[in-house]
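Notes to accompany the following structure.
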Amino acid sequence: EYGLVLLAHLFDEEADRCFAQAATLDPNAAQWPYARGLLASKRQPDQATAWFQRAAELSPDSENGAAMRLQYADWLAEQQQSSVAEAIYREEL
């Protein structure tokens with residue numbers, strides 16, 4: 001939760017460290033790689049795909065799983081990976 005507060009106040013690096021620690025403590029939770037993907041999409045785009053993919057893999061049963069997978073598909077579409085993005089969109093449809 002502290003990481004979310006930091007993120008809300010634009011302390012991106014500190015928030016990312018919190019999310020990394022949270023992922024260590026709860027490696028099967030999709031929200032931590034998802035949050036890291038959101039941060040990476042702004043500061044380290046080359047790493048964002050891996051974080052979004054990990055969140056998508058962990059999210060089938062999570063409360064916000066569809067939103068996470070669609071965010072991943074949107075990111076892929078922005079990165080000119082439209083065939084993979086399309087497959088995710090169709091799966092969610």
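Keep in mind the model is a prediction, meaning the values are calculated, not measured.
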Just how far is it from atom CD of Gln79 to atom CG of Asp74, taken to the nearest 0.5 Å?
11.5 Å

Aromatic plane relationship, Phe52 with Tyr72 - under 30° parallel, 30 to 60° tilted, over 60° perpendicular
tilted

Closest non-hydrogen atoms of Asp26 and Trp32, given as atom of the first, atom of the second and distance, are O-CD1, 3.8 Å

If you group Ile, Leu, Val, Met, Phe, Trp and Tyr by side-chain heavy-atom gaps below 4.5 Å, do Trp75 and Leu38 land in one group?
yes

Quick check: is Val84 connected to Met68 through a chain of hydrophobic side chains (ILVMFWY, heavy atoms under 4.5 Å apart)?
yes

Let me confirm one number: the CG-NE2 distance from Leu4 to His9, rounded to the nearest 0.5 Å.
11.0 Å

Working to the nearest 0.5 Å, report the span between CG of Asn64 and CD of Gln71.
12.0 Å

Note, Arg54 side chain near Leu58 side chain (heavy atom, < 4.5 Å):
yes

Would you call Leu6 and Cys18 a side-chain contact if the rule is heavy atoms closer than 4.5 Å?
yes

Quick check: do Phe19 and Leu7 have side-chain heavy atoms less than 4.5 Å from each other?
yes

Ignoring hydrogens, what is the shortest heavy-atom contact between Ala40 and Trp51? Give both atom names and the distance.
CB-CD1, 4.1 Å

Looking at every heavy atom in both Pro33 and Ala30, which two are closest together, and how far apart are they?
CD-O, 3.2 Å

Asp16 with Arg36: basic N within carboxylate O range, under 4.0 Å:
yes

In this structure, CD1 of Ile88 is separated from CD of Gln53 (nearest 0.5 Å) by 8.0 Å

Atom pair CD/OG of Gln47 and Ser41 - distance to nearest 0.5 Å:
11.5 Å

Rounded to the nearest 0.5 Å, how far apart are CG of Asp12 and CZ of Arg43?
4.5 Å

Nearest atoms (heavy-atom pairs only) where Ala85 meets Ala73:
CB-O, 3.3 Å

Determine whether Arg17 and Gln21 make a side-chain contact, defined as any pair of heavy atoms from C-beta on separated by less than 4.5 Å.
no

